[in-house]
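These notes concern the structure reproduced below.
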Amino acid sequence: MGACAPRQARPRRAEAGREAGAVHEAVPRSKEDGTDVRIVGTGRYVPERVLGNEELATLLGVEEDWIVRRTGIRERRVAAEGEGTAAMGARAAEAALASAGLGAEAVDLIVVATSTPDHLTPPTACEIQAAIGAFGAACFDVEAGFAGWIYALIVAESLLGAGIATTALVVGVEKLSTVTDRTDPATGPLFGDGAGAAVLTAGDGPLTIVARSWWADGRLAQALVRPGGGALRPFDERVLEERAHLLRMEGTKLFRQSVRTMAAEAGRVLGAAGLRPGDVGLVIPHQANLRIIEAVGRELELDPARIYVNIDRYGNTGAATIPIALAEAAEAGAIPADAPVLLVSFGAGATAGAALLEGRVG
């Protein structure tokens, strides 16, 4: 657990993200811009099965300590056979609604971030809607890599702020075990399954979204990719033989880019809110690799005690990492009432995003 403490994101850090892609500014929302949007409930779900390093080390032909040193991961969760992305997302959604004290009938918008849908069509959001009984709610999916939940949060917040919806479920869910080559040392130890969700409503209240930022650079698209199984190269025997339907990653190429970009996005939302890193009470970063999390902390001169870390127990759960950690922090009473919470993520695409929250979940 933990989060931030420094002085100020240095100007050259903010420029780092611009060198690789979009030039933009984070956006604060003022009263004049529209209605404030708040998070009133959070929930999470992780499968029962634990895949520990002892079992995985045997598959990889490495020592358990090697996995911990390189990733910071000691175990990850794996969905049961027949337990799909939609089912996990529905469990997290129901937990978030219970946390908010709301029934499914109150929901009029469901946005789901995932890179691992059960089906290419229909949208996972529609399957979750049917599972929880939120009939009539508008539904769609967002595929923005592992930064997808931040993207989904920004989209849902904008729709609520504009008065197009009143209550939204924003779900991040992945079944990455189905696209991970457990014999590949570069990716095999990293990924786990799980889901997290948040309930958003319009109006004043705890955990208000006060600033947000997003970024992408398609020139890095091939650094984390599933080469086969899509429309360009449909699934066939050759794809299966080459294991081209599984994730492939250029870890060295992504490491530095993810650190610089996450630091830049964090600096943008803090700057938009007129804050410094030392003003933040809790930082919840994407849980990709402990070394990346630590490097982002150093880049922003953050107090490690304020950076929330659960990668040791869940691994990288993709678009689900931020909402799982947010829900877990809320359950543990780790969200400060007197200091903002910073969310920041990075994923395939390459994509990145950050959001700044003020207050406490209800």
Side-chain angles (χ1 to χ4, degrees), residues 1-6 28-29 36-46 92-102 113 149-150 152-154 156-157 160 167-172 194-213 262 265-266 269-270 272-273 275-287 293 296-297 300 302-314 317 319-345 353-362:
M1 261 190 292
C4 233
R29 186 187 292 281
D36 283 341
V37 175
R38 56 186 174 135
I39 295 175
V40 296
T42 58
R44 64 189 177 95
Y45 171 77
V46 292
E94 289 171 338
L97 286 169
S99 170
L102 295 174
W149 193 80
I150 296 288
L153 182 74
I154 293 171
E157 184 218 1
L160 266 64
T167 303
L169 264 171
V170 183
V171 181
V199 179
L200 275 59
T201 62
D204 296 327
L207 220 54
T208 302
I209 303 169
V210 296
R212 74 291 299 146
S213 180
M262 287 171 71
E265 290 301 293
V269 294
L270 290 170
L275 299 174
R276 300 175 299 173
D279 298 322
V280 176
L282 185 67
V283 178
I284 299 179
H286 175 57
Q287 310 285 311
I293 294 170
V296 171
L300 289 171
L302 300 175
D303 176 1
R306 296 183 184 178
I307 301 175
Y308 195 91
V309 176
N310 64 7
I311 190 172
D312 56 316
R313 290 175 286 121
Y314 303 128
T317 55
T321 61
I322 298 287
I324 286 175
L326 181 62
E328 191 173 62
E331 292 168 14
I335 295 179
D338 57 353
V341 175
L342 173 65
L343 314 177
V344 60
S345 193
L356 192 68
L357 316 176
E358 287 186 348
R360 176 187 286 276
V361 172

Problem set entry | With Ala198 via side chain to side chain contact (heavy atoms under 4.5 Å, CB included) - residues at least two apart | Ile39, Thr42, Trp149, Leu200

Problem set entry | Atom pair CG (Leu342) and CD (Glu358), whose distance is rounded to the nearest 0.5 Å | 11.5 Å

Problem set entry | Value rounded to 0.5 Å, distance of CZ in Arg38 from OG1 in Thr208 | 7.5 Å

For this session: Could you check Leu270 against Val280 for side chain to side chain contact (heavy atoms under 4.5 Å, CB included), going step by step and ending with a plain yes or no?
Result: CA-CA 9 Å; Leu270 290 170; Val280 176; 3.4 Å; yes

Problem set entry | Intermediate values then yes/no, side chain to side chain contact (heavy atoms under 4.5 Å, CB included), Thr167 and Val199 | CA-CA 7 Å; Thr167 303; Val199 179; 4.0 Å; yes

Exercise. What distance do Leu160 atom CG and Thr201 atom OG1 have between them, rounded to the nearest 0.5 Å?
Worked result: 7.5 Å

Between side-chain atoms of residues 326-333 and protein atoms elsewhere (two or more places apart, or another chain), which donor-acceptor pairs fall under 3.5 Å?
from: Glu328; atom 1: OE1; to: Tyr308; atom 2: OH; distance (Å): 2.7
from: Glu328; atom 1: OE1; to: Asn310; atom 2: ND2; distance (Å): 3.1
from: Glu328; atom 1: OE1; to: Arg313; atom 2: NH2; distance (Å): 3.1
from: Glu328; atom 1: OE2; to: Arg313; atom 2: NH1; distance (Å): 2.9
from: Glu328; atom 1: OE2; to: Tyr314; atom 2: OH; distance (Å): 2.8
from: Glu331; atom 1: OE1; to: Arg44; atom 2: NE; distance (Å): 3.1
from: Glu331; atom 1: OE1; to: Arg44; atom 2: NH2; distance (Å): 3.0
from: Glu331; atom 1: OE2; to: Arg44; atom 2: NE; distance (Å): 3.2

Problem set entry | For Ala152 against Val170, the heavy-atom pair lying closest together | CB-CG1, 3.7 Å

For this session: Rounded to the nearest 0.5 Å, what's the gap from CD1 on Ile150 to CZ on Arg212? Could you check?
Result: 11.0 Å

For this session: Report yes if the side chains of Pro340 and Val210 come closer than 4.5 Å at any heavy-atom pair, otherwise no.
Result: no

Exercise. Residues in side chain to side chain contact (heavy atoms under 4.5 Å, CB included) with Ala319, at least two apart?
Worked result: Ala113, Glu174

Problem set entry | Heavy-atom closest contact (Ala197 atom, Ala96 atom, distance) | O-CB, 3.8 Å

Seminar exercise, completed: With sequence neighbours left out, the residues meeting side chain to side chain donor-acceptor pair (under 3.5 Å) with Ser345 are none

For this session: Decide side chain to side chain contact (heavy atoms under 4.5 Å, CB included) for Leu356 and Val341; before the verdict, give the C-alpha distance in whole Å, the side-chain angles of both, and the deciding distance to 0.1 Å.
Result: CA-CA 6 Å; Leu356 192 68; Val341 175; over 6 Å; no

For this session: Identify the heavy atoms of Ala320 and Ala195 that sit nearest to each other, and give their distance.
Result: CB-CA, 4.0 Å

Problem set entry | Partners meeting side chain to side chain contact (heavy atoms under 4.5 Å, CB included) with Pro285 (sequence neighbours left out) | Met262, Val283, Gln287, Ile293, Ile307, Val344

Exercise. Is there a side-chain contact between Leu357 and Leu343, using heavy atoms and a 4.5 Å cut-off?
Worked result: yes

